[in-house]
Amino acid sequence: MTQLEIGNKAPDFSLPADNINGGGKTYTLNNFKGKNLVLYFYPKDDTSGCTKQAIAFTENLEEFEVLNCAVFGVSKDAIKAHDKFIDKHQLKIPLLSDPDTVTCQAYGVWVEKSMYGRKYMGVERSTFLIDASGNISNIWRKVKVPNHEQEVLNALKG
């Protein structure tokens, strides 16, 4: 698996969205032609860090929209879990479901992790800023949640 770099063409994807913010539609990279896109990958719905991150992006969504930028979260979780997560925390960002990890693998975020000495495969919290031409303009790996949405906004503003 090759590691994506800034300037690379973003890998295409075709993923179903939640039924609340995403309208239950399937989204592809083509849906965002002519628009910037924040695609952030997170480990699991309704866990502490993932909740804080989703709330932070929700609270700043208008600022992203003013900059012609859509924000989508991606995890392995099922649509039903996404809907519950969105409803519970009044999230405004659409969440995409990648149960087979095909998109996670294409973006290089499906990695071996370790907890309490046990190794397992999981999603590395990562964010990709994709420009209006479909190229990767910024990458954040092993994201620390506090103020991350501000880092992304600053990069978007250039």
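Quick note: residue numbers are just sequence positions, from 1.
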4.5 Å side-chain heavy-atom contact, [X] and [Y]:
X: Thr127; Y: Val38; value: yes
X: Pro43; Y: Cys50; value: yes
X: Tyr40; Y: Trp140; value: no
X: Val109; Y: Val74; value: no
X: Ile6; Y: Asn138; value: yes
X: Leu129; Y: Ile136; value: no
X: Val143; Y: Tyr42; value: no

Open item on the list: By the side chain to side chain donor-acceptor pair (under 3.5 Å) test, which pairs, at least two apart or in different chains, include something from residues 5-21?
Closed with: Asn19-Asp83

Task: Nearest atoms (heavy-atom pairs only) where Pro94 meets Val71 - done: CD-O, 3.3 Å

Side-chain donor-acceptor pair present, [X], [Y], cut-off under 3.5 Å:
X: Lys157; Y: Asn154; result: no
X: Thr28; Y: Asn30; result: no
X: Ser97; Y: His82; result: no
X: Asp100; Y: Gln105; result: no

Roughly how far apart are [X] [atom1] and [Y] [atom2], rounded to 0.5 Å?
X: Glu149; Y: Leu156; atom1: CD; atom2: CG; result: 13.0 Å
X: Ile55; Y: Lys52; atom1: CD1; atom2: NZ; result: 9.0 Å
X: Asn147; Y: Lys144; atom1: CG; atom2: NZ; result: 14.0 Å
X: Asn60; Y: His148; atom1: CG; atom2: NE2; result: 11.5 Å
X: Phe13; Y: Thr26; atom1: CZ; atom2: OG1; result: 11.0 Å

Open item on the list: One thing to verify: whether Asp45 and Lys84 come together as a salt bridge, which I'm taking to mean a side-chain N less than 4.0 angstrom from a carboxylate O.
Closed with: no

TODO: I would like to know whether Asp77 and Ser75 meet side-chain hydrogen bond (donor to acceptor under 3.5 Å, both in side chains); could you show each step before the answer?
DONE: CA-CA 5 Å; Asp77 294 300; Ser75 80; 2.9 Å; yes

Open item on the list: Quick check on side-chain contact (heavy atoms from CB on, under 4.5 Å): which of Ile130, Thr103, Leu29, Leu4 does Pro11 satisfy it with?
Closed with: Leu4

- [ ] Just jot down the salt bridge (Lys or Arg N to Asp or Glu O under 4.0 Å) partners of Lys119, sequence neighbours excluded, or say none.
- [x] none

TODO: May I have the step-by-step check of side chain to side chain contact (heavy atoms under 4.5 Å, CB included) for Leu37 and Phe72, ending in yes or no?
DONE: CA-CA 8 Å; Leu37 171 64; Phe72 279 71; 3.9 Å; yes

Open item on the list: Could you check whether atom NZ of Lys113 has more than 12 heavy atoms from other residues, nucleotides or ligands sitting under 6.0 Å from it?
Closed with: yes

Open item on the list: Quick one, Arg125 with Phe41, criterion side chain to side chain contact (heavy atoms under 4.5 Å, CB included). Give me CA distance, side-chain angles, the key distance, then yes/no.
Closed with: CA-CA 5 Å; Arg125 190 182 310 278; Phe41 293 84; over 6 Å; no

- [ ] Anything under 30° is parallel, anything over 60° is perpendicular, the rest tilted; go ahead and classify Tyr27 against Phe32.
- [x] parallel

